[in-house]
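Structure, as structure tokens:
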Amino acid sequence: TTIDAHAVSHLYDQNDMDIYVGAGLAVTNMDDALNPADPTSAPSDETLVGPSLAIGALYTLNSQWAVGFEYYSIYNW
């Protein structure tokens, strides 16, 4: 689970196409995976805080819908 607040800069916003980049701060709760080599180990969870980066493009279909893709990366401090 991730909560993120970021500022977005629209690099290209013409007619129906929007290309953007956003930088921000993310707080993530990460659950540890079970280790099959050590079945007695207990999984733990970690709370991580760090910067985030989003780069994406959207194409507007109508006033309520848009389709696109986004590269989203979270970094741990």
Side-chain angles (χ1 to χ4, degrees):
T1 307
T2 300
I3 297 174
D4 181 25
H6 58 270
V8 176
S9 176
H10 296 271
L11 303 175
Y12 179 82
D13 192 3
Q14 299 292 323
N15 296 332
D16 294 333
M17 188 67 168
D18 183 15
I19 299 173
Y20 61 91
V21 61
L25 182 68
V27 178
T28 302
N29 183 16
M30 184 179 72
D31 293 330
D32 194 13
L34 291 175
N35 183 358
D38 185 8
T40 61
S41 66
S44 65
D45 63 349
E46 300 285 335
T47 300
L48 310 172
V49 178
S52 65
L53 173 67
I55 302 171
L58 291 172
Y59 181 77
T60 303
L61 300 175
N62 57 38
S63 62
Q64 295 182 351
W65 288 91
V67 295
F69 64 90
E70 181 177 82
Y71 170 79
Y72 183 72
S73 186
I74 302 169
Y75 304 95
N76 182 22
W77 275 332

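Keep in mind it's a predicted model, so treat the numbers as computed, not measured. All values below come from the heavy atoms of this structure, side chains included, with hydrogens, waters and symmetry mates left out.
Here Thr28 contributes atom OG1 and Tyr75 contributes atom OH; the two are 12.5 Å apart, rounded to the nearest 0.5 Å. With values rounded to the nearest 0.5 angstrom, Asp13 atom CG is found 9.5 Å from Ile19 atom CD1.
Ile3 CD1: 12 or fewer foreign heavy atoms inside a 6.0 Å radius. Within a 6.0 Å radius of OH in Tyr59, no more than 12 heavy atoms belonging to other residues, nucleotides or ligands are found. Counting non-hydrogen atoms of other residues, nucleotides and ligands closer than 6.0 Å to CH2 of Trp65 gives a total of 12 or fewer. Under a cut-off of 6.0 angstrom, the local environment of CG in Asn62 is crowded, with over 12 non-hydrogen atoms contributed by other residues, nucleotides or ligands.
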Stepwise side chain to side chain contact (heavy atoms under 4.5 Å, CB included) test for Thr1 and Val27: CA-CA 8 Å; Thr1 307; Val27 178; over 6 Å; no
Intermediate values then yes/no, side chain to side chain contact (heavy atoms under 4.5 Å, CB included), Asp18 and Thr60: CA-CA 8 Å; Asp18 183 15; Thr60 303; over 6 Å; no
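For the pair Ala26 and Ile74, the tightest heavy-atom approach, listed with the atom from each and the gap, is CB-CG2, 4.1 Å. Of all non-hydrogen atoms in Glu46 and Asn29, the two that sit nearest each other are O-OD1, 3.3 Å. Between Tyr20 and Ala57, the shortest heavy-atom distance links the atoms CE2-N, 3.8 Å.
Put simply, Val8 and Leu25 are part of two different groups of oily side chains (I, L, V, M, F, W, Y) that touch within less than 4.5 Å, one to the next. Under a hydrophobic clustering in which Ile, Leu, Val, Met, Phe, Trp and Tyr are joined whenever their side-chain heavy atoms come within less than 4.5 Å, directly or via other members, Tyr72 and Val49 fall into different clusters.
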